[in-house]
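One structure below.
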Amino acid sequence: MKHRISHILKQKPSDERLVVEGWIRTKRMSKTVCFLEINDGSSLASLQAVIDLTSFASAKTLEDVTTGSAVSAEGILVQSPGGNQAVELSCDAITVHGSSPVDSYPLQKKRHTLEYLREIAHLRARTNTIGAVARIRSEVSYAVHSYFHDKGFYYVHTPIISTSDAEGAGQMFQVTTLDMLNLPKSSDGQIDYQQDFFGKKASLTVSGQLEGETYAMALKNIYTFGPTFRAENSNTKRHLSEFWMIEPEMAFCDLEGDMDIAEEFLKYVFNQVLTNCPSDMQFFSRFIEKGIADVLQQVVETPFTHMTYTDAIKELSANNGKFDFPVSWGVDLQTEHERYLTEQVCKGPVIVTDYPKEIKAFYMKMNDDEKTVRAMDVLVPRLGEIIGGSERESRLDVLEKRMVDLSLNPEDYWWYLDLRRFGSVKHAGFGLGFDRAIQYITGMQNIRDVIPYPRAAKQAEF
RNA sequence: UCCCCUGUAGCUCAGUCGGUAGAGCAGGUGGCUGUUAACCACCCUGUCGGCGGUUCAAGUCCGUCCGGGGGAGCCA
């Protein structure tokens, strides 16, 4: 019988013959016995295969069983006399599918730095840390879909290629089939995009929100989950130029409903990971971020703190001496302020609402004070902003005025404004940076280590 | 994009006052009756990031470019 190692490790010893397929992590030999650690990616733990060399028929094949090689090992599961595992494979036959020369295999059986592993991104999933990240990432993806599915949300595929600069959210990557060495020019000397593939300037999407809103205005509750792109030259441990975003959008929903969903959603996802990936989470708790599993558990059990921007500024300005950048009403919260709020004041996630309209996007609903908008950011310790959302402006006249005030051309957004002309209703949504969520859950310091092949400025080797 | 740090063996790093480099791990060989970060002994390994400069002499000092890390801004 073939089974994944995660399954085998939970079984009791039996006489049933097993075939185990995987890659060798380490080999330890003595005169009469050989120990192999076989890992197939299904769990952090490897299966120990033990070969009795006094009776093993083809000892020569063991020379090819080296760190990194792909093997099938056959035998029966027995109780392990060793202390580190309950069961082990008593192995009497082994097939080497692909050997792995020890003098050139880049992964040694020792600890490597994450920086080094980034240089061998095609092999790093074979390490404990990156393998565990990959499993968590998959589990979180599944949890995202199951949460929304169970709540009656529909998954909408918004376009990757966009011709609208959704929220002015950063520089966009241009998409073109024009000959870069021979660009067609119109009479005024500008590039003639009418000759480009789409007949107009096109870019990779920075957000699926505006398109998502159009489907929320038909299906009521929807979400998107896909890649987004920012061409910002930002070099930090929590930015990527290609990252994944989850964007729910709910019709007949105000900011309070938006915040309720955001909190419930995060807690659901955290709880799923804690329940379904206990050994991986234990690994992160021990070696990556001390106690992260307990922190997540506490987050799941504790209501999020709520605070208006104005109250946050009051709290922060009373401690202005502690900051490099003192705050006053109207300024955007900087990293140090977000961390102070989450780590010192609230000691956990906090939702900050009702920001000044000047520092938020055009589509957010204006409050009656005409100074603040119905925005909400979920801030978490260590990372800062993990979710940004708002109730959308559903009043046509107010929205048009906002666009004009911000020098946006309403004609460019004609279809978006149509939503306010035909059956407009209050609605709200938010965006969650998927990779940042993985960072938060695992405690991984650098966002480049939670996505298989990170894209950033000057970095797209793989 | 700005500020700071950094680049030496396959990996992680040390290298003093400028005098042609060395430690752990990895790897190899041998040993070891059950190991699990295996252990013990011996052995191998260098374009000191690139280019230029100062000097009798540069890993070391200077300039410059490139790579990596941290912080900031921007955001998710």
Practice prompt. May I ask you to say what A:Ile386 touches in the nucleic acid, namely base, sugar-phosphate or nothing, with a heavy-atom cut-off under 4.0 Å?
Written response: sugar-phosphate

Discussion item. Test your reading of the model: is there a side-chain donor-acceptor pair from A:Ser241 to the backbone of A:Arg455, 3.5 Å cut-off?
Written reply: yes

Item to complete: Return the stacking result for B:A76 and A:Phe243: yes when the ring centres lie under 5.5 Å apart and the planes under 30°, no otherwise.
Response: yes

Worksheet item: Pick the nucleotide of RNA chain B nearest each of A:Asp377 and A:Val50; which residue has the one closer to the 5' end?
Response: A:Val50

Discussion item. Please tell me if A:Thr236 has a side-chain N or O lying less than 4.0 Å from either OP1 or OP2 of B:G71.
Written reply: no

Discussion item. Considering every strand and a 4.0 Å limit on heavy-atom distances, what is the contact class for A:Asp435: base, sugar-phosphate, or nothing?
Written reply: nothing

Worksheet item: Is any N or O donor-acceptor pair between the side chain of A:Glu232 and the base of B:G73 shorter than 3.5 Å?
Response: no

Discussion item. B:U12, OP1 or OP2 - any side-chain N/O from A:Thr113 closer than 4.0 Å?
Written reply: yes

Practice prompt. Give a yes or no on whether the backbone of A:Pro101 and the side-chain of A:Thr66 come within a donor-acceptor separation of less than 3.5 Å.
Written response: no

Do any N or O atoms of the protein come closer than 3.5 Å to N or O atoms of nucleotides 2-9 of chain B, and which pairs are they?
none

Item to complete: Name the closest nucleotide to the A:Arg448 side chain, picking from B:C74, B:G69, B:A76.
Response: B:G69

Discussion item. Stem list for RNA chain B, please, built from Watson-Crick and G-U wobble pairs under 3.5 Å and keeping only runs of at least 3.
Written reply: B:1-7 with B:66-72, B:10-13 with B:22-25, B:27-31 with B:39-43, B:49-53 with B:61-65

Discussion item. Can a donor-acceptor pair be found, under 3.5 Å and without considering hydrogens, that links the side chain of A:Tyr268 to the backbone of A:Val144?
Written reply: no

Worksheet item: What nucleotide, of B:A76, B:U33, B:U35, holds the atom closest to the side chain of A:Lys31?
Response: B:U33

Practice prompt. Give me the residues of residues 331-351 of chain A where at least one heavy atom lies under 4.0 Å from an atom of RNA chain B, by number, or none.
Written response: A:Asp332, A:Gln334, A:Thr335

Discussion item. Please determine whether a side-chain nitrogen or oxygen atom of A:Lys110 lies at a distance below 4.0 Å from atom OP1 or OP2 of B:A26.
Written reply: no

Worksheet item: Which part of the nucleic acid, if any, lies within contact of A:Ser30, taking any heavy atom under 4.0 Å across all strands shown: a base, the sugar-phosphate backbone alone, or nothing?
Response: base

Worksheet entry | Listed nucleotide nearest any side-chain atom of A:Leu240, set B:A76, B:G69, B:G34 | B:A76

Discussion item. The side chain of A:Val33 is closest to which nucleotide in this list: B:G69, B:A76, B:G34?
Written reply: B:G34

Discussion item. Quick check on B:G68: is either OP1 or OP2 less than 4.0 Å from any side-chain nitrogen or oxygen of A:Lys458?
Written reply: no

Worksheet item: Contact class for A:Glu88 vs. all strands (heavy atom < 4.0 Å): base, sugar-phosphate, or nothing?
Response: base

Worksheet item: What is the nucleic acid contact for A:His112, judged by heavy atoms within less than 4.0 Å: base, sugar-phosphate only, or nothing?
Response: sugar-phosphate

Discussion item. Base, sugar-phosphate or nothing for A:Ser80? Non-hydrogen atoms, less than 4.0 Å.
Written reply: base

Worksheet item: Is there a donor N/O on one and an acceptor N/O on the other, under 3.5 Å, for the side chain of A:Arg28 and the base of B:C39?
Response: no

Discussion item. Just the rounded figure in Å: distance from P of B:A37 to CD of A:Gln108.
Written reply: 18 Å

Item to complete: Check every strand shown and say whether A:Glu115 touches a base, only sugar-phosphate, or nothing at a heavy-atom separation below 4.0 Å.
Response: sugar-phosphate

